[in-house]
Participant: 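Sharing a structure with you now.
Computed from heavy atoms alone, side chains included, the values below leave out hydrogens, waters and symmetry copies. To find a chain, count down the sequence lines: A is the first, B the second, and so on, and within it residues start at 1.
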2 protein chains.
Amino acid sequence: MCPRAETAPAKAVAKEEKILEAARKRFAYFGFPKVTMDEIAADVGLAKPSLYYYYPTKESLFRAVIASEQTRFLGNLEALLARETSAQAKLRNYVDLRYDLFRELANLSALGTQTYTEWKSLSGDLFRALEEKELGMIHSVLLQGERSGEFGTPDPLHTARTLLHVMHGLRLRLCAIPTGAVLENEAYAALRKEMDLVITMFIDGMKSHHSHLH
Amino acid sequence: MCPRAETAPAKAVAKEEKILEAARKRFAYFGFPKVTMDEIAADVGLAKPSLYYYYPTKESLFRAVIASEQTRFLGNLEALLARETSAQAKLRNYVDLRYDLFRELANLSALGTQTYTEWKSLSGDLFRALEEKELGMIHSVLLQGERSGEFGTPDPLHTARTLLHVMHGLRLRLCAIPTGAVLENEAYAALRKEMDLVITMFIDGMKSHHSHLH
DNA sequence: TTGTCGACTATTTTACCAAACAGGTCGAAA
DNA sequence: TTTCGACCTGTTTGGTAAAATAGTCGACAA
């Protein structure tokens, strides 16, 4: 209520986020090892030791960056699933969001694969936690689809997991393997089309499974 | 006809294959850089220079190893497609074979990912050529399924490519990302199940697409 | 002619050391 | 509460000498 009462902490939080943003940019462009704390400090107009007032280690700062990206994604995803639509529509929307996150992460990482695996190793637990939540959401959508009679699967959890792995696999493949496409954009457009086809196949496959049970 | 006429070259060919086999084992266990030509030579009871009589460079030997593995796979695949069965059955058999090749390559490479990407970079053209042929075969099976009325796709080539990419993506993911599974065998069993589910979804999806056109 | 190898070359890896660098700490001062 | 100068310490870097390895050549043998 009183603006003054919030001033001191608000300022600290604001600075924390400025640091986070500067770090995100640096890490994204140059990768974790090539970024120095001095540089990040300079970006936000501070000296190195001041950074340690907000983040105890370089790694914790990095993890904070990852966590913030993931939180944003999860927020969007949750909002999406909360909206009252068909399970199919939700699955397609999920693909949309997933693609966007892939795209963003790739955009920010000059070096593709390298950064990706680097991130994975530095904060594998975060990634695993994200996948866990992502899996849970897909799973719940599949269950919704089953309840509402849109489609069915013999094993919704297995299907959800496979779907998740397929999407990540496609993305990983794109990063790990030099595609024929010269332009990065082309490669991503192809990824997009493949993700769409996969989700279509899964939806149609699940519909047909359901109708077999009729 | 005359056994004598074949003796000299036959012996040479046999030795060539002994070298190939020794090299395969070494490369598989230790990876390309950690293997020396002396070691391979010793394995087959020769001195290093003799190897160069059969293979002009270390890399050519390595490529010969890869090529032989791939040829075997392609042979099996072709034999499979030649057999007179339904397109569905062929797709499922393709998954079988593909899985086996994944499994074998992984079995032979102590270091998983590392070796995989190493191989890719050293003989990317071979891998690309293999994928090209693999793609062609999947494509032809999809076309067969369409002709025979088993199922249909709006874009068979795109579907074939996506299927290929999905399978490779799943495998790649397994290599690149430390899974929760402690035992490697578990991880591969999971891969197997996922590959099966994907092909099921694709088959069902394509069936339903076909029946929509009815 | 086909196949083998000992001895040699050229290039890459390794081993090592010193200097620079970068993550992290501390106490003082706004 | 927030900032920073000075300091500490483990790691990376650069350069070099020694070792190892891919690849060559000419001689020798089947």
Participant: I need the CD1-C1' distance between Ile19(B) and dT4(C), as an integer number of Å.
Facilitator: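 To the nearest whole Å, that distance equals 12 Å.
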Participant: Backbone N or O of Val35(A) within a donor-acceptor pair of the Lys58(A) side chain at under 3.5 Å?
Facilitator: yes
Participant: Which nucleotide, dG23(C), dG23(D), dT21(D), lies nearest any side-chain atom of Thr36(B)?
Facilitator: dT21(D)
Participant: Nearest whole Å is fine: how far is dT12(C) C1' from Glu59(B) CD?
Facilitator: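 Taking atom C1' of dT12(C) as the reference, CD of Glu59(B) is at 15 Å.
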Participant: Would you mind reading off the distance between Phe32(B) atom CZ and dT21(D) atom C1', rounded to a whole angstrom?
Facilitator: 12 Å
Participant: Mind checking the CE-CD spacing from Met137(A) to Glu78(A)? Nearest 0.5 Å is all I need.
Facilitator: 4.0 Å
Participant: With a 4.0 Å cutoff (strictly under), does any side-chain N or O of Lys34(A) reach OP1 or OP2 of dA22(C)?
Facilitator: no
Participant: Over how many whole Å does the gap from Ile40(B) atom CD1 to dT21(D) atom P extend?
Facilitator: 12 Å
Participant: Among residues 44-51 of chain B, which residues get a heavy atom nearer than 4.0 Å to DNA chain D?
Facilitator: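 Correct list: Lys48(B), Pro49(B).
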Participant: Is there a donor-acceptor pair closer than 3.5 Å between any side-chain N or O of Lys90(A) and the backbone N or O of Leu81(A)?
Facilitator: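 It does hold such a pair.
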Participant: Roughly how many Å is it from OH in Tyr52(B) to P in dC8(C), rounded to a whole number?
Facilitator: 19 Å
Participant: Salt bridge between Arg72(A) and Glu69(A), side-chain N to carboxylate O under 4.0 Å?
Facilitator: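 Here Arg72(A) pairs with Glu69(A) in a salt bridge, since their nearest N and O are under 4.0 Å apart.
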Participant: Is any side-chain nitrogen or oxygen of Tyr53(B) closer than 4.0 Å to OP1 or OP2 of dC5(C)?
Facilitator: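 The answer is no; no side-chain N or O of Tyr53(B) sits under 4.0 Å from OP1 or OP2.
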Participant: Between Arg63(B) and Asp125(B), does at least one N-O distance fall below 4.0 Å, as a salt bridge requires?
Facilitator: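 Result for this pair is yes, salt bridge flagged.
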Participant: Identify all stems in which DNA chain D takes part, counting only runs of at least 3 consecutive pairs (Watson-Crick or G-U wobble, each distance under 3.5 Å), and give each as one range with another, ordered by first number.
Facilitator: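 So the stems come out as C:3-17 with D:14-28, C:19-30 with D:1-12.
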Participant: Going by the angle between their ring planes, with limits at 30° and 60°, are Phe27(B) and Phe32(B) parallel, tilted or perpendicular?
Facilitator: parallel
Participant: How long is the span from the CE atom in Met206(A) to the CD atom in Gln88(A), to the nearest 0.5 Å?
Facilitator: 8.5 Å
Participant: If you measure from the Lys or Arg side-chain nitrogens to the Asp or Glu carboxylate oxygens, is any gap between Arg98(B) and Glu134(B) under 4.0 Å?
Facilitator: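 Salt bridge present between Arg98(B) and Glu134(B).
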Participant: dT13(C) P sits how many Å from Asp38(B) CG, rounded?
Facilitator: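 Computing the Asp38(B):CG to dT13(C):P distance gives 16 Å.
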Participant: Give the nucleotide from the list dG3(C), dT2(D), dT24(D) with an atom nearest to the side chain of Tyr54(B).
Facilitator: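 For Tyr54(B), the side-chain atoms sit closest to dG3(C).
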Participant: How many Å lie between NZ on Lys18(B) and P on dG3(C), as a whole number?
Facilitator: 14 Å
Participant: As a test of reading the structure: which of dT4(C), dG23(D), dT3(D) is closest to the side chain of Lys15(B), going by heavy atoms?
Facilitator: dT4(C)
Participant: Output the rounded distance in Å from OH (Tyr55(B)) to P (dG3(C)).
Facilitator: 13 Å
Participant: Salt-bridged, Asp96(B) to Arg192(B), with N to O below 4.0 Å?
Facilitator: yes
